[in-house]
Chemist: 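Just passing along the structure, written as structure tokens.
Chain A is the first sequence line, chain B the second, and so forth, proteins listed ahead of strands; every chain is numbered from 1.
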Amino acid sequence: MPKVTRWMIKAGLIYLAAGVIIAGLHDVHSEWFGLSLLAVYWHMIVMGWITQVIMGVSIWMFPGRRRGKAKEEPFLPWVVFGLLNTGLIARFASEPFLSVANNSAWIEGGMMVSALLQTGAIAAYLSEMWPRVQAKKARR
Amino acid sequence: MPLQSVWMIRLSYISLAVVAVSGAVLLINKGSGLHPAIWALLPVHYELAIWGWLVQFVMGTAYWIFPRYLEGEPRGPEKPMWMVVILLNTGLLVLLTGAITGKEFRVMSMIGRILIAGSLLLFALLIRKRVLSYRGVHQH
């Protein structure tokens, strides 16, 4: 299993645990100190956990782009890992505070940076994986 | 990788790209308040994330990787699996068209979900016999 896959699965497990805790908090009170937690919970589970684990495992298990280089540590998946997790952290550090800090440039900027980083992560993941999804005949 | 899996995984990747872009636009709009009409993208964002990306990716990968039959077609009959691909993606398109246009949304939503349910049912029938282990088979 490549190192980047291990990091992605472990990061995913942290988001899963955090998402479940936040879901529990949201069930007790829909808002804590005026912070809205519902979108944080959904994105921790769907992006931080499920999508990140799918990305990590597919980078590991899907047929390699170039034969004979399967054991080389790939670079692009680390870009995916870095962009995705900084994007998610930027989101969780900004979005919940939107309702308590109206018109804050830091909050708006954080959300914009998060949107760009997460989109960049998915673009990097797709550019890594798209050529690797081929029928067996096409790979020969 | 069988051709049906190639199509499902690539369609799931296209869905993921649309999910990422729509999510980024929604997040930036939430922070900056660009235009209220942008919220119409929300159902596209979450329906495509669940059915187009996650479910379709898992189905395509399971069809490829689950244990194959020892005799006859290795993954069972191929035409019904093409029907799974067509029903799922047609259903999704009908569902999303209804969500975007807003016209006859309930009817289109229902038709889309029936097509998606048909696809899932057919997939379950096709894959259920491949949920097994061949460990110890040669010993008997």
Chemist: Measure B:Y46 against the heavy atoms of chain A and call it side chain, backbone, both or neither at under 4.5 Å.
Modeler: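 Neither part.
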Chemist: Please say whether more than 12 non-hydrogen atoms of neighbouring residues, nucleotides or ligands are located less than 6.0 Å from CH2 in B:W82.
Modeler: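 Enclosed.
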Chemist: Below 30° counts as parallel, above 60° as perpendicular, anything between as tilted: where do the rings of B:Y13 and A:W130 land?
Modeler: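 B:Y13 vs A:W130 ring planes: tilted.
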Chemist: Indicate the atoms forming the closest heavy-atom contact of A:E108 with B:G31, along with that distance.
Modeler: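 Looks like CG-O, 3.0 Å.
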Chemist: CZ/A:R91 to NZ/B:K30 distance, rounded to the nearest 0.5 angstrom?
Modeler: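 One finds 7.0 Å between CZ of A:R91 and NZ of B:K30.
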Chemist: Sort by residue number and list every residue of residues 114-123 of chain A having at least one heavy atom under 4.5 Å from chain B.
Modeler: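 Checking residues 114-123 of chain A against chain B gives A:S114, A:A115, A:Q118, A:T119, A:I122.
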Chemist: After noting the C-alpha distance and the side-chain angles of B:R10 and A:M129, does the key distance pass the side chain to side chain contact (heavy atoms under 4.5 Å, CB included) rule?
Modeler: CA-CA 9 Å; B:R10 285 193 169 172; A:M129 296 307 295; over 6 Å; no
Chemist: Side chain from CB out, backbone as N, CA, C, O: work out which of these in A:F62 comes under 4.5 Å of a heavy atom of chain B, or both, or neither.
Modeler: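 Answer is both: backbone and side chain atoms of A:F62 are under 4.5 Å from chain B.
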Chemist: Below 4.5 Å from any heavy atom of chain A, which atoms of B:W7 appear? Answer side chain, backbone, both or neither.
Modeler: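 Contact with chain A is absent: no heavy atom of B:W7 under 4.5 Å.
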Chemist: Enumerate by number any residue of residues 41-54 of chain A whose heavy atoms lie under 4.5 Å from heavy atoms of chain B; in the absence of such residues, state 'none'.
Modeler: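 So the qualifying residues are A:H43, A:V46, A:I50, A:T51, A:I54.
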Chemist: Take atom CH2 in B:W53; do more than 12 heavy atoms of anything else shown fall under 6.0 Å from it?
Modeler: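 Enclosed.
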Chemist: Are B:V21 and B:W51 connected into the same hydrophobic cluster when the rule is that any two of I, L, V, M, F, W, Y join if their side-chain heavy atoms are below 4.5 Å apart?
Modeler: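 Result: no, two separate clusters.
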Chemist: Any chance you could measure A:M111, atom CE, to B:N29, atom CG, to the nearest 0.5 Å?
Modeler: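 CG of B:N29 is found 9.0 Å from CE of A:M111.
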Chemist: Mind checking whether B:V58 and B:I9 sit in one hydrophobic cluster, side chains of I, L, V, M, F, W, Y counted as touching below 4.5 Å?
Modeler: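 Different clusters: B:V58 never reaches B:I9 through Ile, Leu, Val, Met, Phe, Trp or Tyr contacts under 4.5 Å.
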Chemist: Quick check on A:S94 against chain B: is it the side chain, the backbone, both or neither that has a heavy atom closer than 4.5 Å?
Modeler: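 Neither part.
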Chemist: Out of curiosity, does A:L13 fall in the hydrophobic cluster containing A:L88 (side-chain heavy atoms, cut-off under 4.5 Å, transitive links)?
Modeler: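 Yes, it is one cluster - the side chains of A:L88 and A:L13 are joined through contacts under 4.5 Å.
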Chemist: Are B:L26 and B:V18 connected in the hydrophobic side-chain network, where two residues link if heavy atoms are under 4.5 Å apart?
Modeler: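 No.
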Chemist: Given heavy-atom pairs under 4.5 angstrom as the criterion, report whether the side chain, backbone, both or neither of A:L98 touches chain B.
Modeler: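 Only the side chain of A:L98 comes within 4.5 Å of chain B.
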Chemist: In terms of hydrophobic clustering (I, L, V, M, F, W, Y; side-chain heavy atoms under 4.5 Å; direct or indirect links), are B:I65 and A:I59 co-clustered?
Modeler: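 Yes, it is one cluster - the side chains of B:I65 and A:I59 are joined through contacts under 4.5 Å.
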Chemist: How long is the span from the CG atom in B:L27 to the CE atom in A:M112, to the nearest 0.5 Å?
Modeler: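 Result: 9.5 Å between the selected atoms.
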